[in-house]
Amino acid sequence: MLTQNPPMASGRPQPTVFERDLAVRANQPVNGEYMRLVVEAPPEMLARCRAGQFFHLLCPSAGTDQPYLRRPMSIYGFYPQEGTLHFLYKVAGAGTRALFHLAPGDRLNVLGPLGRGFHIAEDWQRLVLLARGVGLATLAPLALEAHRLGRHLTAICSARRPDLLMSVDYFRHLGADVITVTDAEGTSDVAHLESLLEGLIAGAGVDAFYTCGSNRLLALLQRMGKRHGIPGQIALEQQMACGLGMCHCCVRPFRKDGATVQLRVCREGPVFDMQEAMPW
Amino acid sequence: MLTQNPPMASGRPQPTVFERDLAVRANQPVNGEYMRLVVEAPPEMLARCRAGQFFHLLCPSAGTDQPYLRRPMSIYGFYPQEGTLHFLYKVAGAGTRALFHLAPGDRLNVLGPLGRGFHIAEDWQRLVLLARGVGLATLAPLALEAHRLGRHLTAICSARRPDLLMSVDYFRHLGADVITVTDAEGTSDVAHLESLLEGLIAGAGVDAFYTCGSNRLLALLQRMGKRHGIPGQIALEQQMACGLGMCHCCVRPFRKDGATVQLRVCREGPVFDMQEAMPW
Amino acid sequence: MVDLSVDIAGLTLKNPVMPASGTFSEELAEVFDIECLGAHVTKTITRGFRDGNPTPRVCEVGGSMLNSIGIPSKGVAAFLEKVVPFYRDYETPLVVSISGNTADEFAALCAEVSVEGVAAIEVNISCPNIEEDGKAFAIRPSSTYEVMRKLRRATRLPLWAKLTPNTGETPEVARAAEEGGADALVVANTLLAMAIDIRTRRPKLGNLMGGLSGPSLKPIALRMAYQCAKATGIPVIGCGGIATAEDVVEFLIAGATAVQVGTATFINPTAMLTIIADLERYLEREGIASVRDLIGTVIDGEQKAGVVFMEAAP
Amino acid sequence: MVDLSVDIAGLTLKNPVMPASGTFSEELAEVFDIECLGAHVTKTITRGFRDGNPTPRVCEVGGSMLNSIGIPSKGVAAFLEKVVPFYRDYETPLVVSISGNTADEFAALCAEVSVEGVAAIEVNISCPNIEEDGKAFAIRPSSTYEVMRKLRRATRLPLWAKLTPNTGETPEVARAAEEGGADALVVANTLLAMAIDIRTRRPKLGNLMGGLSGPSLKPIALRMAYQCAKATGIPVIGCGGIATAEDVVEFLIAGATAVQVGTATFINPTAMLTIIADLERYLEREGIASVRDLIGTVIDGEQKAGVVFMEAAP
Ligand SMILES: Cc1cc2nc3c(=O)[nH]c(=O)nc-3n(C[C@H](O)[C@H](O)[C@H](O)COP(=O)(O)OP(=O)(O)OC[C@H]3O[C@@H](n4cnc5c(N)ncnc54)[C@H](O)[C@@H]3O)c2cc1C
Ligand SMILES: Cc1cc2nc3c(=O)[nH]c(=O)nc-3n(C[C@H](O)[C@H](O)[C@H](O)COP(=O)(O)OP(=O)(O)OC[C@H]3O[C@@H](n4cnc5c(N)ncnc54)[C@H](O)[C@@H]3O)c2cc1C
Ligand SMILES: Cc1cc2nc3c(=O)[nH]c(=O)nc-3n(C[C@H](O)[C@H](O)[C@H](O)COP(=O)(O)O)c2cc1C
Ligand SMILES: Cc1cc2nc3c(=O)[nH]c(=O)nc-3n(C[C@H](O)[C@H](O)[C@H](O)COP(=O)(O)O)c2cc1C
Ligand code: FES
Ligand code: FES
């Protein structure tokens with residue numbers, strides 16, 4: 001199970017989440033829109049990382065950008081052998097603008113790993129991931145995990161234009177089948193995706209779907225999952241303060257046993273059951 | 001008169017104080033305790049500078065040092081030909097620590113020139129200045145002015161130790177007689193200074209005293225000024241917010257016509273009549 | 001060409017940006033031509049002479065400041081003789097800020113400053129009412145109403161009531177001011193605060209406590225401006241931590257008709273100049289014809305302020 | 001060896017540093033061993049289930065934050081079953097924070113949580129009193145006194161009253177809480193504030209308004225802690241913007257006996273750990289034997305708080 005350690009039966013929980021100042025090894029553009037940040041992380045931290053989990057980053061100040069709260073970022077990659085932790089981010093506002101200025105040797109305070117990652121059940125052999133933009137950062141380590149467990153993965157990567165596609169080589173390198181769709185080519189709309197997925201299901205079959213926070217994709221996969229009885233998981237985002245589950249600011253509504261419940265994205269998530277997720 | 005331009009008779013005052021981003025040319029230690037900061041200033045600003053006036057500096061942020069209010073600094077030197085403005089400062093707290101990190105090419109926002117500078121009356125031929133520490137920064141341009149006006153100046157420079165004496169060469173270069181006194185040599189106490197000053201008065205004579213904010217020196221010079229009918233001026237310090245005379249935070253009490261009045265150090269000062277000043 | 005002008009109870013301002021009382025004076029004209037401001041607002045005066053508080057009168061606290069200046073005043077005679085004439089050389093309307101220890105003294109001063117050259121009177125009812133328990137008039141609706149009634153009778157000039165954030169009853173106080181005869185509300189004055197030098201164990205202000213102003217005050221003043229705009233039908237002038245054109249836009253969207261800039265002028269004396277220019281550019285860029293089109297446009301989903309207040313109180 | 005222990009109305013804390021309600025939970029034990037804290041303070045609970053407010057529930061404002069979490073609660077039964085037992089594994093005293101919409105509901109909950117394993121009850125009287133006009137109990141001395149009387153009768157455990165900064169009557173409210181039976185005062189909760197996204201023109205919080213916490217609140221909370229310590233004879237627990245050991249020392253000098261750390265834990269989850277270690281080092285360096293030697297040592301020159309308040313109000 002790819003979840004965080006539960007409190008120990010013996011009573012007091014043991015520390016399993018780390019707040020550390022880490023050295024930046026690299027911080028470089030991946031394409032015109034995304035940056036990859038690589039930091040050096042200690043073994044005990046990397047040992048606890050799981051695909052789908054995230055870190056809470058204390059972004060430095062940079063000029064008039066003075067981010068105060070931490071910023072959540074998915075684990076893009078974690079490499080215990082190399083001792084590195086990777087993030088893939090898009091410059092959005094004050095926090096990510098400040099991240100952009102980090103140079104090798106600078107230090108970055110991170111808190112993590114946090115949250116519950118992806119679950120790959122024993123009998124899920126053929127996985128399909130469908131993601132776009134920053135979502136590819138969140139889903140990338142799933143490919144690593146699938147590879148490790150010897151499962152087959154089809155990665156459907158969506159983008160506005162072909163030159164903005166990301167992680168394609170990464171997925172291929174890990175043995176995944178990659179299908180690219182773009183707005184520019186007119187292949188990324190729901191109708192096209194639906195027929196594409198129907199093709200995969202009718203072909204070798206699909207045991208589970210994985211996706212990231214887009215209402216459009218969620219609705220599509222919920223419909224197809226119900227139609228074919230295919231389970232799935234979705235990684236969601238929400239504003240966060242503590243990142244640990246203490247403040248209850250990061251809730252989203254979910255359908256559970258007929259009722260609507262508020263769950264914390266940082267704690268019960270960021271990965272949730274796809275059918276329980278609600279459009280927003 | 002070395003004062004700021006008064007409002008024009010025609011009605012609306014013309015701008016005479018400048019807020020400008022200036023380039024740092026140099027920022028170097030003068031001795032173990034003091035730093036000299038040289039910035040490039042435009043001619044219209046330098047043309048208005050007078051000895052004894054000050055600038056209000058918007059110190060940058062440096063790490064956890066995030067000075068908010070501006071910091072007042074005396075003009076240490078102003079050189080219209082070179083186009084530079086000099087400050088001499090001691091690292092005290094957040095603001096001056098941040099100044100310390102300025103490097104050539106960095107920009108510093110300054111407001112000034114501000115306040116009323118030193119007055120050298122027509123018939124004051126033989127001037128004596130008595131200062132210590134940062135006070136020497138404030139009094140240094142007086143030497144330049146005395147030199148320009150062809151007056152004779154005796155500069156009594158005080159310090160804890162001989163190696164902490166400052167501006168000695170500068171004063172000599174401008175034709176002043178320099179007398180150094182130090183705590184280490186036991187020559188800086190009031191009794192010694194008093195006999196030294198009595199000597200000067202008995203000799204060639206003294207027409208005016210100039211000093212800076214030390215209670216001990218103020219009391220001595222007030223006493224001697226009264227005894228011998230010698231006028232004098234003192235430059236004082238106080239916490240400032242606006243630096244322009246708007247907020248009334250920088251007041252100090254003065255004796256004027258038998259009553260105690262509150263005057264603004266930034267506006268009616270920082271240079272005041274020595275006999276009107278009150279110990280604090 | 002965008003239109004920056006706003007109307008405050010019949011008084012037209014060429015733009016919505018003016019200085020906050022106590023952070024502005026004739027001296028600023030030495031830095032830039034103050035004719036460009038929406039209004040000139042003087043430091044609060046009292047009838048008689050006052051010395052003000054002991055020094056230090058200011059200190060900084062984490063990117064904002066405290067002050068305990070304490071309204072030093074040369075008295076009304078000196079004010080009428082020296083200050084009012086200075087501003088007669090400008091077209092910009094002059095707003096005179098006044099204060100008093102009792103409602104009657106306050107009203108008497110209000111009548112005395114109702115002279116030619118004065119366009120409006122800002123009544124600083126955030127000052128202590130010594131007839132009651134020393135609390136500021138504007139802490140309670142009842143004392144607000146009473147002092148405003150007396151002030152209203154003392155002048156025909158527009159009355160701007162300056163409220164305090166040191167109250168739990170902002171909407172009620174705003175309504176009391178309106179009912180008492182205020183033509184506009186200035187929201188808000190400084191918030192009572194304190195800082196101690198841990199080395200000397202002395203308060204950082206000579207007066208022990210003082211008022212918080214600057215960026216830290218902004219979200220509080222914005223909330224008050226919103227509450228006042230909802231609670232009353234008179235224009236609200238936002239004040240507290242405003243330092244940029246974006247801050248001005250935020251206050252206008254919240255419901256303010258104009259704004260005052262205080263502490264920001266200490267940090268950048270030309271702040272108001274920059275704000276006015278940036279505001280004009282903002283409107284051009286966004287294709288907004290008049291700054292008035294921003295006022296009160298917050299999308300608040302028809303939530304009742306009362307309910308919201310309840311749920312928000314933690 | 002310096003002594004960090006303090007006494008809050010008969011309860012000994014090994015050090016004066018504890019979390020603020022709503023910014024702490026069992027989950028922090030995954031970051032460090034929470035046994036090191038002076039006390040454990042739970043998130044405010046209500047008797048029944050509550051969903052909390054709409055999202056977004058937090059936003060940042062110039063180096064501080066706003067929240068409108070709105071006290072989501074699983075209800076008292078779930079709390080007694082799951083939360084209280086968790087803390088039984090620790091020696092550190094457990095302080096339970098409660099709230100209610102009416103004084104009677106509040107008192108009933110107070111009785112219900114007076115169980116073994118609970119060392120003190122923090123009563124969050126900064127929440128709205130729906131029987132009156134929806135204002136928080138602690139905005140007025142009268143409603144403070146009344147709710148405290150009922151709470152006092154409901155339990156024999158020490159009662160800590162948590163006050164709100166949304167009032168102009170802090171000393172009066174503090175005295176009312178003491179007279180009503182409070183054993184200690186927690187000063188203070190968040191200050192009502194607001195922020196608007198100028199691009200979307202929507203409030204940055206789903207609930208329109210929320211509470212300001214973090215560094216901006218510090219000088220206000222410090223002033224309140226000072227006022228409360230002067231106005232009453234019961235211990236004051238300072239809270240608001242505390243992030244460093246120096247901040248703790250400042251509050252102790254002002255008159256607080258202990259402190260709570262809130263928002264700082266979001267920024268640095270190990271903040272309390274660092275503060276406790278730094279506080280110990282500070283005392284050693286300054287040659288102060290006991291942290292208690294700092295309490296109330298502000299050199300305030302015997303000024304009467306009343307007079308000072310008057311003069312400070314601008
Ligand atoms: C679990 C999780 C994983 C994420 N992983 C990634 C990732 O791998 N790569 C990436 O580029 N982005 C990721 N995000 C989104 C990322 O957190 C935001 O882009 C970032 O916080 C924006 O901060 P800012 O200061 O640049 O923008 P601003 O808009 O200035 O941020 C203002 C505030 O809003 C919050 N905020 C803004 N956008 C989001 C968002 N989408 N989700 C949550 N909070 C937000 C910020 O944290 C901050 O508190 C993730 C979000 C979550 C919740
Ligand atoms: C007219 C005038 C001229 C001055 N000229 C010089 C000079 O040439 N060289 C020099 O080294 N220093 C000079 N000073 C003192 C200088 O302003 C302070 O050392 C400086 O402000 C300290 O700031 P800080 O942030 O480093 O220290 P902090 O102690 O952190 O400052 C905290 C606050 O106190 C104020 N403050 C602290 N000390 C003083 C002081 N002595 N006077 C006024 N405000 C103070 C600061 O401006 C700031 O607002 C002068 C002061 C005045 C009023
Ligand atoms: C130094 C100083 C002096 C002030 N004096 C007055 C005053 O005399 N009358 C008044 O109504 N407000 C006074 N104020 C309050 C300001 O007008 C304004 O309401 C407050 O500072 C908040 O705005 P800001 O954050 O933009 O400064 C003063 C504020 C400061 C900082
Ligand atoms: C996210 C959040 C949730 C809070 N929840 C509660 C609460 O449930 N009960 C309460 O009494 N105070 C609550 N508070 C207020 C804090 O306990 C504290 O009084 C306030 O945040 C000021 O302290 P700080 O500046 O150190 O955060 C909450 C504060 C925050 C930021
Ligand atoms: S961010 Fe605090 S509970 Fe999720
Ligand atoms: S610093 Fe504002 S009046 Fe002197």
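A note on names: the letters A, B, ... follow the listed sequences, proteins ahead of strands, and every chain is numbered from 1.
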_Under a 3.5 Å distance rule, please check whether C:Arg223 uses its side chain to pair with a backbone N or O of D:Leu192 as donor and acceptor._
yes
Taking side chain as everything from C-beta outward and backbone as N, CA, C, O, which of these in [X] sits under 4.5 Å from a heavy atom of chain C? Side chain, backbone, both or neither.
X	result
D:Ile220	both
D:Thr297	both
D:Ser21	neither
D:Val61	side chain

Measuring from [X]:[atom1] to [Y]:[atom2], what's the distance to the nearest 0.5 Å?
X	Y	atom1	atom2	value
C:Ile253	D:Arg199	CD1	CZ	11.5 Å
C:Met224	D:Met209	CE	CE	11.0 Å
D:Leu222	C:Lys204	CG	NZ	10.0 Å

_Options C:Ser64, C:Pro215, C:Ser216, ranked by heavy-atom pairs under 4.5 Å with chain D, top entry_ = C:Ser216
*Using a cut-off of under 4.5 Å for heavy-atom pairs, which of C:Gly63, C:Ser99, C:Ala193, C:Ala195 has the most such pairs with chain D?*
C:Ala193
Which heavy atom in [X] sits nearest to a heavy atom in [Y], and how many Å separate them?
X	Y	result
C:Gly168	D:Lys135	O-NZ, 3.0 Å
C:Leu208	D:Asp300	CD1-CB, 3.6 Å
D:Pro219	C:Leu66	CB-CD2, 4.2 Å
D:Arg201	C:Asp293	NH1-O, 4.1 Å

*Among D:Glu246, D:Met194, D:Arg202, single out the residue with the greatest number of heavy-atom pairs under 4.5 Å to chain C.*
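So the answer, after comparing D:Glu246, D:Met194, D:Arg202, is D:Met194.
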_Using heavy-atom distances under 4.5 Å, tell me whether C:Thr44 contacts chain D through its side chain, its backbone, both, or neither._
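Neither the backbone nor the side chain of C:Thr44 comes within 4.5 Å of chain D.
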*Under 4.5 Å heavy-atom distance to chain D, tell me which part of C:Leu252 shows up: side chain, backbone, both or neither.*
neither
_Heavy-atom side-chain proximity of D:Ile299 to C:Thr200 below 4.5 angstrom_ = no
*Check whether any side-chain heavy atom of C:Ile196 sits under 4.5 Å from a side-chain heavy atom of D:Tyr226, and report yes or no.*
no
*Answer yes or no: is there an ion pair linking D:Glu169 with C:Arg140, defined by an N-O contact shorter than 4.0 Å?*
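Yes, D:Glu169 and C:Arg140 are salt-bridged.
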